[in-house]
Structure formats: C-alpha cells, structure tokens
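Here is the structure we will look at, set down as structure tokens.
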Amino acid sequence: QVQLVESGGGSVQAGGSLELSCAASKYTYSRYRMAWFRQAPGKEREGVAAIDDGGSTRYAGSVEGRFTISKDNAKNTLYLQMNSLKPEDTAMYYCALRDGYGSTWFAAYFYNYWGQGTQVTVSS
C-alpha cells in the first residue's frame, strides 16, 4: 500500500505563487502515472496536471502556462509549482497515483492511490 501526503497549501493573494508537494512512501513501480486534482465546493473534481514515469506531462487548459508539474524520483516526491494564481484556483488539491501503464490522464477513477488533500485559497 502506497501512502501519499500533500503539503504546501495555504492562503495567498491573486497573482501570488505556491508550490505543493506530495511525498510518497517508498515504492518500486517501474511504470506509473501521477496527477494533481482539485475540487472546489459544489464542483466536480478535476484533473489539473499529470506526469508519468517517463516524464511526459499533461495540463488542463485552465492552468496551462501557469502551473508546472515535476517529480524527484530520488525523493519519491511530486511537485506542483503554481504561479499567477487566480481566485478560481481556490480548491482542495489532491495528489494521486496509478501503478502500471496509463490509459487516461485526468479521469479520477483511473487513479488508485490518493492523498488527503491540501487547501489552496486565493484572495482577490
């Protein structure tokens, strides 16, 4: 069983930046896909950024050009650098992992491990 723990959330003003981290317990999967999802009250959970074992990335159109997903394999850590934050970015942000070959990037059902979430609040 893999444990994921997010950190780095907080409250910032519009235009500011935050970097989220997702620390994973040690695992040896040679093929995997990881992603950041977010969910605001009353809205569906949406994928915002994803990366696979080979380093391929995907971004939702709403964050493209502002967010950057990356990983440090030696530290078993996933990151999400968020710049030029907007009030509409306010949400709970979740880290997710799927072991094995990927078939989709932003479908929540695809991922089988999830963190507890970290809150990001962007004020006007």
Side-chain angles (χ1 to χ4, degrees):
Q1 184 175 355
V2 177
Q3 183 178 36
L4 305 175
V5 180
E6 301 98 331
S7 62
S11 181
V12 299
Q13 294 184 7
S17 298
L18 283 174
E19 184 177 66
L20 306 184
S21 297
C22 173
S25 58
K26 183 177 176 60
Y27 61 94
T28 58
Y29 302 123
S30 59
R31 299 289 182 270
Y32 59 86
R33 186 165 292 182
M34 299 190 75
W36 288 97
F37 283 76
R38 67 185 182 187
Q39 186 168 26
K43 297 184 179 180
E44 298 293 322
R45 185 170 298 192
E46 63 172 344
V48 298
I51 189 167
D52 68 9
D53 54 274
S56 294
T57 60
R58 296 291 187 276
Y59 295 94
S62 59
V63 307
E64 190 173 9
R66 298 187 297 121
F67 292 9
T68 302
I69 188 170
S70 62
K71 59 185 176 71
D72 186 330
N73 293 337
K75 296 181 178 179
N76 269 17
T77 302
L78 180 74
Y79 303 97
L80 184 67
Q81 177 65 50
M82 305 184 293
N83 299 323
S84 301
L85 284 163
K86 304 175 180 179
E88 50 263 45
D89 294 320
T90 295
M92 282 289 294
Y93 283 71
Y94 300 89
C95 173
L97 166 72
R98 172 64 187 265
D99 59 297
Y101 289 93
S103 60
T104 185
W105 293 91
F106 293 134
Y109 68 80
F110 174 76
Y111 295 89
N112 53 350
Y113 296 100
W114 292 83
Q116 79 293 152
T118 186
Q119 178 69 40
V120 171
T121 302
V122 184
S123 302
S124 299

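What you are looking at is a predicted structure, and each value in this text was computed from that prediction instead of being measured. Sequence positions, counted from 1, serve as the residue numbers for this chain.
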### Message
Please verify the inter-ring angle class for Tyr93 with Phe67; under 30° counts as parallel, over 60° as perpendicular, anything in between as tilted.
### Response
tilted

Residues pairing under salt bridge (charged side-chain N to carboxylate O under 4.0 Å, His left out) where one sits in residues 71-99, two or more places apart or in two chains, turn out to be Arg38-Asp89, Arg66-Asp89

All heavy atoms of Asn83 vs all of Ser17, minimum pair found to be OD1-OG, 2.9 Å

Taken to the nearest 0.5 Å, the spacing of Ser7 OG from Leu20 CG works out to 8.0 Å

Looking only at heavy atoms, the pair that brings Cys22 and Leu4 closest together is SG-CB, 3.9 Å

Distance col, row Leu80:CG vs Ser21:OG, nearest 0.5 angstrom, shows 9.5 Å

Separation between CG (Asn73) and CG (Asp53), nearest 0.5 Å, reads 9.0 Å

Looking only at heavy atoms, the pair that brings Ala108 and Trp114 closest together is O-CZ2, 3.4 Å

So, the side chain of Ser25 versus the backbone of Gln3: is there a donor-acceptor pair under 3.5 Å, distance only? yes

Would you confirm whether Asp52, through its side chain, and Arg33, through its main-chain N or O, come within 3.5 Å as a donor-acceptor pair? no

In short, side chain to side chain donor-acceptor pair (under 3.5 Å) pairs touching residues 115-124 with sequence neighbours left out are Glu6-Gln116, Gln119-Thr121

Taken to the nearest 0.5 Å, the spacing of Trp105 CH2 from Thr57 OG1 works out to 7.0 Å

Ignoring hydrogens and angles, tell me if any N or O in the side chain of Tyr59 forms a donor-acceptor pair with the backbone of Ile69 under 3.5 Å. yes

Here the pair of heavy atoms bringing Val63 nearest to Val48 is CG2-O, 3.3 Å

Apart from Tyr79 itself, members of its ILVMFWY cluster (side-chain separation under 4.5 Å) are none

Of all heavy-atom pairs linking Cys95 and Leu78, the shortest is SG-CD2, 3.8 Å

When every non-hydrogen atom of Tyr111 is compared with those of Ala35, the smallest separation belongs to OH-CB, 3.4 Å

- Task: Answer yes if Tyr94 and Phe110 sit in the same cluster of Ile, Leu, Val, Met, Phe, Trp and Tyr residues linked by side chain heavy atoms under 4.5 Å apart, and no otherwise.
- Result: yes

